[in-house]
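Right, one structure below, let's go through it.
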Amino acid sequence: MKKKLLSVLLCATMVAALFAGCGSKEEEAAAEPAAEEAEEPAKEAEEPAEETAEAATEGCPGVDGLNIGICIYKFDDNFMTLYRTELQKYLEAGGATVTVMDGKNDQAEQTNQIQNFITQGVDVLIINLVQSSAAEQVTDQCAAANIPVVFINREPEAAEEERWASEGIAATYVGADARQSGTYQGEIVLATENKGDFNGDGKVSYVMVMGDPENIDAQYRTEFSIKALTDAGVEVEKLDEQRGDWDQAKGQEIVANALTANGDAVEVVFCNNDAMALGALQAIEAAGRTVGEDIMLLGVDALVEALENVQSGKMTGTVFNDHIGQSHAAAEIAGKMAAGEAVDVQNMVDYIKVTNENAADILALLQ
Ligand code: GAL
């Protein structure tokens, strides 16, 4: 039952929840209580839950017979692997022919892949850019070939999105507002008894492990996690801030170094994603520190391993980066654009805060 309710809850949290996507018709029957039970995204949950209930299907609607090109910034990324697997599954279940390319974290290589898709004459492109700054060039290439493009995960500049609207270009972005995920990380710390101040010196001394700093998700999570603390009147002290490029090994190395340099002074480790938090946990344990007793550890994404750690107390919390909601919205919007429908230039899906109170529910949802 929990799983069913959460499934509905997930649908309910999509700001663009008019796109169908999660759960079967039977699952949606219990939509209303789910919205009420929801702690986090309760805001506007009720109405979208009902709308989603009407539209739920197994495969993506509106893509049958389409030829769709997908470009992922690199395959070797935990979160984007979950995302692309779900995206491909949902599109293929809806009857689309899908080709997925690995950009290998190289914009020049990805630009070639996009060019090939254009030459092949795909109906629509779904692109997770290597560099968001490439959006203008890529958009113009697609527009010249009359191929609509759905950007995912790495949001282009606001000015570029405004250009799509003002020039009537068939381009859009589907993602999540990373400010929300950062804020949720800060709120998880604020909800604890000592609010992150283990040594009682009146301030929270933290280490920040950033993703790729060109990525707006990394920028916003870094800024808004701390802003949540300072907005609540909590004094903070930044002991270290390093880029870990979303990578577990780099997260481990950064936190090991920070713990060597600062010792017990480190009270909270914020990681912009779970892969780096898993690396941070290795470093924390190797240094003889214990999450929940003398240090806090936070991530984002809700990878299964991280959820298990949150459940067992080895991580303080994470934030569910809803790859199911995002990939379904991207797929459905791609179908609409291929059919010539106008869509909004920005489509956001909500995050969900995860602590040991709801980690099991999110785990059940993903399994
Ligand atoms: C973020 C995610 C990271 C990484 C990144 C890639 O949204 O939290 O783990 O996948 O996207 O751009």
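Whatever order the structure lists ligands and atoms in, that order sets their numbers, starting from 1. Worth saying up front: this structure is predicted, and the values here are computed from it rather than measured.
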| message | Does the plane of the ring in Tyr90 sit parallel, tilted or perpendicular to the ring in His328? Use 30° and 60° as the thresholds. | response |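 Geometry flag for His328 against Tyr90: parallel rings.
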| request: Kindly say whether Asp361 contributes a backbone atom to a donor-acceptor pair with the side chain of Asn358 at under 3.5 angstrom? | output: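 Answer holds: no.
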| query | Under 6.0 Å from the six-membered ring centre of Phe75 and within 45° of its axis: does the NZ or CZ of Arg84 meet both? | reply |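 Yes; both conditions hold, so Arg84 lies above the ring face of Phe75.
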Which N or O atoms of ligand 1 sit under 3.5 Å from a protein N or O, and how far apart is each pair?
{"residue": "ligand 1", "atom": "7 (O)", "partner": "Asn153", "partner atom": "ND2", "Å": "3.3"}
{"residue": "ligand 1", "atom": "7 (O)", "partner": "Asp217", "partner atom": "OD2", "Å": "2.6"}
{"residue": "ligand 1", "atom": "7 (O)", "partner": "Arg221", "partner atom": "NH2", "Å": "3.3"}
{"residue": "ligand 1", "atom": "7 (O)", "partner": "Asn321", "partner atom": "ND2", "Å": "3.2"}
{"residue": "ligand 1", "atom": "8 (O)", "partner": "Arg221", "partner atom": "NH1", "Å": "2.8"}
{"residue": "ligand 1", "atom": "8 (O)", "partner": "Arg221", "partner atom": "NH2", "Å": "3.4"}
{"residue": "ligand 1", "atom": "8 (O)", "partner": "Asp301", "partner atom": "OD1", "Å": "2.6"}
{"residue": "ligand 1", "atom": "8 (O)", "partner": "Asp301", "partner atom": "OD2", "Å": "3.4"}
{"residue": "ligand 1", "atom": "8 (O)", "partner": "Asn321", "partner atom": "ND2", "Å": "3.4"}
{"residue": "ligand 1", "atom": "9 (O)", "partner": "Asn273", "partner atom": "ND2", "Å": "2.9"}
{"residue": "ligand 1", "atom": "9 (O)", "partner": "Asp301", "partner atom": "OD2", "Å": "2.6"}
{"residue": "ligand 1", "atom": "10 (O)", "partner": "Asp77", "partner atom": "OD1", "Å": "2.8"}
{"residue": "ligand 1", "atom": "10 (O)", "partner": "Asp77", "partner atom": "OD2", "Å": "3.1"}
{"residue": "ligand 1", "atom": "11 (O)", "partner": "Asn153", "partner atom": "ND2", "Å": "2.9"}
{"residue": "ligand 1", "atom": "12 (O)", "partner": "Asn153", "partner atom": "OD1", "Å": "2.6"}
{"residue": "ligand 1", "atom": "12 (O)", "partner": "Arg154", "partner atom": "NE", "Å": "2.9"}
{"residue": "ligand 1", "atom": "12 (O)", "partner": "Arg154", "partner atom": "NH2", "Å": "3.4"}
{"residue": "ligand 1", "atom": "12 (O)", "partner": "Asn215", "partner atom": "ND2", "Å": "3.1"}

Is [X] salt-bridged to [Y], going by a charged N under 4.0 Å from an acidic O?
X	Y	answer
Glu223	Lys227	no
Asp106	Lys104	no
Lys250	Glu253	no

